[in-house]
Every structure is written in structure tokens, then in C-alpha cells.
Amino acid sequence: MKFTIFISVFALSVLISVLFSKFLNDAYNEKAFNQKVDSVEAQCRWLANQVVGVDFILNDSSNALSSQTNELAASMNGRIIIIKKNYKIIKDTHTDFQEKYFLNNDVLRIMEGREERIVNEEGDYIEIMCPIYSAGSEDGEVFGAVIATVPRDDLMAAGIEMEQRRNMLLVAFIIVGLTFSVILSYLLTRDLKKIQHDVNFIAMGHEDETIREVGFLEIRRIVSRFNEILGRMQVLEDSRKEFVSNVSHELKTPMTSMKVLADSLLQQGDQVPAELYREFMSDMVKEIDRENVIISDLLSLVKMDKKASKLEISNVDINELLQIIMKRLKPIAAQRNIELIFESFRPVTAEIDEVKLTLALSNLIENGIKYNKDNGYVRVSVNADHKYFYVKVADNGVGIPEDCQDRVFDRFFRVDKARSRDTGGTGLGLSITQNAVLMHKGEIKLYSRLGEGTTFTVRIPLKYNA
């Protein structure tokens, strides 16, 4: 990985250096070219003013301006042609077209005053043309034109020098980029190596450890999230261990009781009174029933596993389902004179697994009966909107302490263990209910105040979306 980071950063730095140096060189070449052209144009305009001053007399070899023109052309390593208004060449530093006539579109545009300067690039030479005005004024009549032809290499000499400097600068940038790539790749991989070491340590079985947050902010955020995941996994592991411990305890307790009862009978010998024998056997039957309840709830909990279980979805009348559940639980409520009240705000039909949701709602209503006061009530209501249906189970019973409300859905959790055993509870009912609701893509909420009662609200979609 270190090599990959090094190559990536180095390649990026080289690319940036090349593009920047090319941009810099092109900009400088363009500026140098324009400055050279402006310089040649200025010399041509000076010459044009001088030509007007001598009335275009340049054919005498002893003429000072003619000599100056030759010297000017030699200094530019080029050629100068001066044309009168009648298109006759009065001066050609190469003497090839002396006293001849010269006309083309560019000369015509200059003579007609349509252009102030014309620059042509032809092969290895650059031609610069400007007008000659009367009395040296650019607002006057055009009397002729000056044409200067200079080699391109002379104009671009500064550009060549600049290109050499650019190459030197590019090499310097590449060296800096190489150094930066080495340092950056080292800094990045140094932190990643530390993190990798911690991950390997955790993978060896030290799940209770965490990864040190080192490096840049982004890496720290990733490590922080990873530590959160490790924390959740540890909570799940602790929950699993607690669950196994609770299951072992809950299953062991009835078996221990039965063993004690059986040992007591055996110690009595053959002279066991029939009444004592019936009492002990009755207690053993109760313990067996208790064991059976625990095992049944555990099996129900396994069936409610979202990953292992598949819902049997069908359209069910929720109003009718709740009435059937309440009718089934009415004898239990009558033993303590607890009133079961059903409220329906509208007919509700939904796509649910009838068996699993029946078990969940039965647990809620039965808990409302078990953990209630004598002569109390359990009110069950059903309502719906365009997307969800709502079932509310409210009682005026003993309530749940605030510090226990976050754990009531945990497996084997009991608010009052002694009271739960007296009522036959295993501590699995609400966990089964929550799993059933979650399997239906719903949610369950709890509101309770100690001594005033408890309200469970269940929200489930009308249409099941697998």
C-alpha cells in the first residue's frame, strides 16, 4: 500500500508540474513574442516619420536615412521595404525589388487606412507592416508603408531561454514531488500500520480491546466507528452469555426442586403417607409444568428469530383477532375481577402472520392482567391510518419503574422476580412480543408510571413488504 500511495502522489505531482510549467512557458512565449513585435513596429514607425521628413528621397547612396535604414535592418537581422503611395518601392535593404512596384491585399488595406498594423507569420520569418502618415500624424493621409521582415528565431530567442529555465524548474518540481511523495506515503502508512496491528491483535481473540485513534481526522472517524461496532459486538456477546446463564438457571431450578422432592420421598421409605405422597407428586407436576412453560417460550423465541423464521402472511381482520384473544383470556381476568375493555375506532384488515402476532398481542394483554390490581381494567384499542394500524394495550396496574423500562424487552428480565414466578412468568414474553413486531416491520413503545399503570403501543404496516 505504501508503494501505491507513493506512486499515486508522485505521478500527480509530476503531472501538475508539467502542466504548470507548460502553461507558464506558453504564457511567457506569447508575451515575449508580442513585446518583440511591438519593438519592431515602433522602429518601423520611427522610420516612417523619418521618411516623410526627407520627402521619400532614399535612392541616394549618400543619403543618411538610407544608411540608417540599412543599419536598422542589419540590427534586426532582417529586411526593410519602404513603399510610396503609388506602390513603388523606394527602398529595399536587399535591393531585390528596388524601384519596382509591389501590391497585395495587405498593402492595399494599409494604403486605404483600414489597418494600423499587419503581422504575418510565414515559415521561419515574421512580416510586420505599418502605414506612413503625412506630416508624421496618424490622423493624416497615408503616403506609404513600411514592411519589416525578421527571422522568427530572433523573436523567439527569449522563449528558447525560457524553455530551458522551464525544464530546470520542472526537474526541481519533480525532485520536490518525489520528496513529498516519500514523506506523505510514510505518514499515511505509519498510522495505518498501527491500526492494522491493533486489528490483528483483536482478531487473535482480544475482542474486549479497542483500536487507538491515531492519524488524520478521516482515519480517526473510521477508527471511532469501528470501535463503536466492536462495542456493540461486545454488548451482544455479553447478552448472549447472560442469556445462556439465565436459561441454565431457569431450567435448573425446576429440576432441582423435583430432585429435592424425589429424594424426600425416597428417604421416607415404604411408610409414606398417601397424603404426603400426593402433595409431593402435585408439587413435582407443578415444577414439570413450569419447565414446560420455559421450554415452550424458548421455542417460541427461536421461532421469532428474524433471520431463521419466515412469516406466513395473510389478510387478517385485526378487530376480530383481538376480540378472540380477549375472549380466550377473559376467564383469567375474571379470577381477579379485572375488566377487559375493547375499543375499535374503525375496521382494520392487514397483511400479517396471524399465529405470531396473536402470540405477541396475547402476551401484552395477559401481562396487563397478571401485573394488575384486583378490580382493575385492561383497555385494548385498535386504530389505523392510510399506512399503519395501531394496537394500544393500557392497564391501571402496578406499573414499571423508570429505571427498568429500557430492559423490559430483554430475555429473562423481570422487574420483580418473586412476583413473576408467582404469576408463572418466565421473563421471555415481552422479548417474544418485540421480535414478532419487528418481524412485521413494526415498532413497539412503552409508557408506564409506577403505581399508575402501563401502556404498550404497537404500530405495524397494513401492507407487508418483504
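Hydrogens, waters and symmetry mates play no part in the numbers below; they use all other heavy atoms, side chains included. Quick note: residue numbers are just sequence positions, from 1.
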Are Leu322 and Phe342 close enough that some pair of their side-chain heavy atoms sits under 4.5 Å apart?
yes
Is Arg109 salt-bridged to Glu112, going by a charged N under 4.0 Å from an acidic O?
no
Check whether more than 12 heavy atoms from other residues, nucleotides or ligands sit under 6.0 Å from atom CD of Glu343, and answer yes or no.
yes
Judged by atom type as modelled, is there a donor-acceptor pair below 3.5 Å linking the side chain of Asn319 to the main-chain atoms of Val348?
yes
Quick one: does NZ or CZ of Arg459 land under 6.0 Å from the six-membered ring centre of Tyr390, within 45 degrees of the ring axis?
no
Atom CD1 of Ile338 and atom CG of Asn396: how far apart are they, to the nearest 0.5 Å?
8.5 Å
d(Ile444 CD1, Phe456 CZ) to nearest 0.5 Å is 6.0 Å
Taking the six-membered ring of Tyr447 (Phe, Tyr or Trp), confirm whether the NZ or CZ of Arg449 is under 6.0 Å from its centre and within 45° of its axis.
no
Going from CD on Glu115 to CG on Leu108, what distance comes out if it is rounded to the nearest 0.5 angstrom?
11.0 Å
Min side-chain heavy-atom separation Thr358-Arg328 under 4.5 Å:
yes
Just by distance, with hydrogens left out, do Asp374 and Asn337 show a side-chain donor and acceptor under 3.5 Å apart?
no
Considering all heavy atoms, the nearest Ala360-Thr433 contact
O-OG1, 3.2 Å
Charged N-O contact under 4.0 Å between Asp38 and Arg45
no
Are Lys370 and Ile332 side-chain neighbours, meaning at least one heavy-atom pair lies under 4.5 Å?
no
Between the CE atom in Met326 and the CG atom in Leu361, the distance rounded to the nearest 0.5 Å is 11.0 Å
Between atom CD1 of Ile325 and atom CD of Glu366, what is the distance when rounded to the nearest 0.5 Å?
11.0 Å
With a 6.0 Å cut-off (strictly less than), is the heavy-atom count around CG of Asn105, excluding the residue itself, greater than 12?
no
Say you draw a straight line from OG of Ser314 to CD of Glu351; how long is it, rounded to the nearest 0.5 Å?
9.0 Å
Atom CZ of Arg225 with >12 non-hydrogen neighbours under 6.0 angstrom
no
